[in-house]
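Each remark here refers to the structure printed beneath this line.
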Amino acid sequence: MKLSPNAAPVEPGDLLIRMHNQVGAAVDVTGTRDSSYWSCHGCGDGYSSIDYHVDTTRTRANHHAAECRAAYHRLRR
């Protein structure tokens with residue numbers, strides 16, 4: 001299986017947690033402990049509402065990482 005070229009993107013200054021999806025693309029949880037969000041460097045999906053505690057965001061990001069098989073996206077938001 002080919003691994004993602006997005007396995008080690010530049011770390012944002014507010015990075016709290018970095019996990020990886022099934023092919024190694026980074027899934028980042030950023031923000032603060034009380035106001036965080038997640039984004040996937042493989043498919044471009046994420047949750048940008050920053051009203052969630054890091055525990056909730058981590059759970060959602062982990063669930064996404066466990067199922068996502070995207071290695072690279074070219075979508076612009």
Side-chain angles (χ1 to χ4, degrees):
M1 176 185 325
K2 184 175 180 180
L3 294 180
S4 172
N6 289 328
V10 175
E11 291 184 5
D14 60 349
L15 181 68
L16 300 172
I17 302 167
R18 174 164 282 170
M19 53 193 78
H20 295 89
N21 71 5
Q22 289 188 11
V23 294
V27 179
D28 292 343
V29 174
T30 53
T32 65
R33 183 166 180 79
D34 295 319
S35 182
S36 59
Y37 56 97
W38 67 270
S39 61
C40 178
H41 292 272
C43 70
D45 199 6
Y47 199 83
S48 60
S49 175
I50 56 172
D51 295 332
Y52 290 104
H53 188 272
V54 71
D55 292 339
T56 301
T57 306
R58 176 180 47 222
T59 299
R60 291 177 179 189
N62 188 50
H63 183 262
H64 176 82
E67 295 182 355
C68 182
R69 295 180 196 89
Y72 184 72
H73 72 91
R74 294 181 186 218
L75 303 174
R76 302 260 184 217
R77 290 187 182 229

- side-chain contact (heavy atoms from CB on, under 4.5 Å) involving Thr56 - partner list, sequence neighbours excluded: Tyr52, Arg60
- Separation between CH2 (Trp38) and OH (Tyr47), nearest 0.5 Å, reads 10.5 Å
- Residues that Arg58 engages under side-chain contact (heavy atoms from CB on, under 4.5 Å), provided they are two or more places apart: Ile17, Met19, Asp55
- Query: Is atom NE2 of His53 surrounded by more than 12 heavy atoms (other residues, nucleotides or ligands) closer than 6.0 Å?
  - Reply: yes
- Task: Would you check if the side chain of Gln22 reaches a backbone N or O of Ala65 as a donor-acceptor pair within less than 3.5 Å?
- Result: no
- Between NE2 on residue His20 and SG on residue Cys40, distance to nearest 0.5 Å: 10.5 Å
- Task: Decide whether Asn21 and His64 meet the rule of one side-chain donor and one side-chain acceptor closer than 3.5 Å.
- Result: no
- Item | Side chain proximity check, Leu16 to Ser36, heavy atoms < 4.5 angstrom | yes
- Message: To check you understand the geometry: which heavy-atom pair defines the closest contact between Leu15 and Thr30, and what is its length?
- Response: CA-CG2, 3.8 Å
- Task: State, to 0.1 Å, how close Ala61 and Val29 come at their nearest heavy-atom pair, and which atoms those are.
- Result: CB-CG2, 3.8 Å
- So OG1 of Thr57 and CG of Asp34: to nearest 0.5 Å the spacing works out to 10.5 Å
